[in-house]
2 protein chains.
Amino acid sequence: MSLRYAILAILTAAPLTGYETAKRFEGSVGHVWHAPDSQIYPELRRMEAEALVEGREERWGPKGTKTRYYITEAGEAAFRSWMATPLKYAPWRDVAHMQAAYFEWAEPASVRMHLKQHAAHYTEQIAQWSSQIEAIRSHEHPMIAARLERYPAEQHERIVAFKAFAYEGLIRLAQAEVDWARSGLELLEQLDGDAPA
Amino acid sequence: MSLRYAILAILTAAPLTGYETAKRFEGSVGHVWHAPDSQIYPELRRMEAEALVEGREERWGPKGTKTRYYITEAGEAAFRSWMATPLKYAPWRDVAHMQAAYFEWAEPASVRMHLKQHAAHYTEQIAQWSSQIEAIRSHEHPMIAARLERYPAEQHERIVAFKAFAYEGLIRLAQAEVDWARSGLELLEQLDGDAPA
DNA sequence: CGCCACTAGCTATCAACATAGGTATTTGTG
DNA sequence: CACAAATACCTATGTTGATAGCTAGTGGCG
């Protein structure tokens with residue numbers, strides 16, 4: 001159900017075609033929520049059937065047409081109501097930590113590789129998200145720019161602050177992953193120091 | 001596919017019936033990986049068909065029988081090979097952060113509630129995982145006790161260290177969530193301080 | 001002996017997501 | 001004008017996971 005609300009969220013900034021929506025989920029929004037186009041097209045149609053969005057046919061060149069989806073009042077209401085509802089916290093499911101619990105089944109070299117990869121992956125994520133935050137704060141981010149145009153100036157501070165806040169949370173998490181992986185490398189040295197090959 | 005390896009992982013400590021396996025996924029292993037019994041029973045049968053586990057019928061009272069699953073050589077090999085394989089990092093999907101990015105659509109009181117709930121949830125998680133770590137380090141944890149009995153003493157240190165390490169990672173993440181939620185509450189005070197109701 | 005919680009095992013259905021294909025049109029470039 | 005790249009849209013299939021049910025035997029208690 002979250003995909004639906006992610007779609008509604010980006011449609012509050014600007015009406016989009018299915019294709020554009022899918023692109024957003026590869027790029028900016030994709031940093032917080034990922035979805036393939038094969039999920040997005042049918043979901044948009046379901047949402048249209050429920051009157052949360054309205055699809056308007058547009059000409060596209062001499063022969064083609066495309067559908068641009070506009071969020072409706074009902075759609076905004078649904079989004080607002082979701083925003084007011086407390087989240088259900090799903091039970092944990094984390095492969096990396098699950099695997100780490102059984103590292104005694106892997107070669108020390110393999111463990112080292114896993115941990116280094118883990119740190120590298122999240123370090124890269126931090127870099128990406130940091131540059132997103134900068135673009136958000138400077139209003140250079142295209143989605144932010146479109147959104148700010150649509151809403152009155154007194155809301156701009158909140159809009160920007162919350163987007164940046166969300167990314168800051170992701171960065172905190174990623175930093176925790178990096179720190180954990182590093183502490184794992186230290187642990188490994190300790191264990192192998194005690195009983196070297 | 002991860003469910004399969006989670007099952008293999010716990011079967012390396014002791015052979016289990018389907019029911020016992022399901023119980024593990026509600027309790028201890030469930031902290032890192034959750035799965036309902038409706039997933040576990042068919043998965044065990046699939047794994048038996050692929051010879052990763054061997055099911056042995058056991059009497060259970062005068063009329064009943066139950067199947068206890070033993071990990072096979074092939075199962076151990078599959079697990080070891082998975083342990084040596086680098087993980088694929090799935091694209092991000094996080095409802096709480098997605099929702100936070102659009103907090104301007106919620107009432108400040110509602111945002112405050114969300115953030116407090118978020119902090120409370122992960123604080124509770126930290127408490128649970130911390131007590132797990134204690135039980136692991138003191139060897140009081142039943143799964144750890146069973147596991148240590150099965151493996152030679154020189155491996156005990158690693159077994160315990162890696163289990164504790166995994167939980168430490170979860171605690172780091174949860175702590176990051178709590179810190180983030182608290183910083184969100186501060187941000188909210190700032191924003192509402194600028195323009196109070 | 002009746003009752004109940006627990007153990008044991010199983011099924012059916014649905015939503016969510018991944019993967020991998022497909023067609024057709026437009027637009028820009030050499 | 002040929003061609004590639006991008007735009008636009010769609011489907012089919014399989015896996016995973018969530019939800020909710022079901023039957024039936026065991027073991028302990030009053």
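Nothing here was measured: the structure is a model prediction, and the numbers come from that model. Residue numbers begin at 1 in each chain, while the letters A, B, ... track the order of the sequences.
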| task | Take A:His97 and A:Trp92, measure what side chain to side chain contact (heavy atoms under 4.5 Å, CB included) needs, and give me the verdict at the end. | result | CA-CA 10 Å; A:His97 290 256; A:Trp92 211 277; 5.7 Å; no
| Under 3.5 Å: donor-acceptor pair, side chain of A:Thr72, backbone of A:Leu52 | yes
| remark: The residue, B:Pro42 or B:Tyr19, whose nearest nucleotide of DNA chain C is more 5′ is B:Tyr19
| In whole angstrom, what separates A:Glu20's CD from D:dA6's P? | 16 Å
| remark: chain B reaches DNA chain C, atoms under 4.0 Å from its heavy atoms, from C:dT7 to C:dA18
| request: Of all the heavy-atom pairs spanning B:Ala181 and B:Leu115, show the shortest one and how long it is. | output: CB-O, 3.5 Å
| Got a sec, which hydrophobics cluster with B:Tyr70, joining ILVMFWY side chains under 4.5 Å apart, including via others? | none
Can you give me the N/O atom pairs linking the protein to nucleotides 15-19 of chain D at distances under 3.5 Å, or say none if there are none?
unit_1: D:dT16; atom_1: OP1; unit_2: B:Met1; atom_2: N; d: 3.0
unit_1: D:dG17; atom_1: OP2; unit_2: B:Gln39; atom_2: NE2; d: 2.9
unit_1: D:dG17; atom_1: O3'; unit_2: A:Arg93; atom_2: NH1; d: 2.6
unit_1: D:dG17; atom_1: O3'; unit_2: A:Arg93; atom_2: NH2; d: 3.3
unit_1: D:dA18; atom_1: OP2; unit_2: A:Arg93; atom_2: NH2; d: 2.9
unit_1: D:dT19; atom_1: O4; unit_2: B:Ser38; atom_2: OG; d: 2.6

| task | Let me know the distance between CD1 of A:Ile40 and P of D:dC10, rounded to the nearest Å. | result | 13 Å
| Taking atom types as modelled, is there a side-chain donor on A:Arg150 or A:Thr12 under 3.5 Å from an acceptor on the other? | no
| task | Using a 4.0 Å heavy-atom cut-off across all strands, classify B:Arg68 as base, sugar-phosphate, or nothing. | result | nothing
| Parallel, tilted or perpendicular: which describes the rings of A:Trp180 and B:Phe165, with under 30° parallel and over 60° perpendicular? | parallel
| note | In terms of heavy-atom contacts, B:Ile10 and B:Arg24 come closest through CD1-CB, 4.0 Å
| field | CD/B:Glu73: more than 12 non-hydrogen atoms of other groups inside 6.0 Å | value | no
| request: Rounded to the nearest angstrom, tell me the gap between atom CG in A:Leu44 and atom P in D:dC9. | output: 9 Å
| query | Can you tell me how far P of D:dA8 sits from CG of A:Leu16, to the nearest Å? | reply | 11 Å
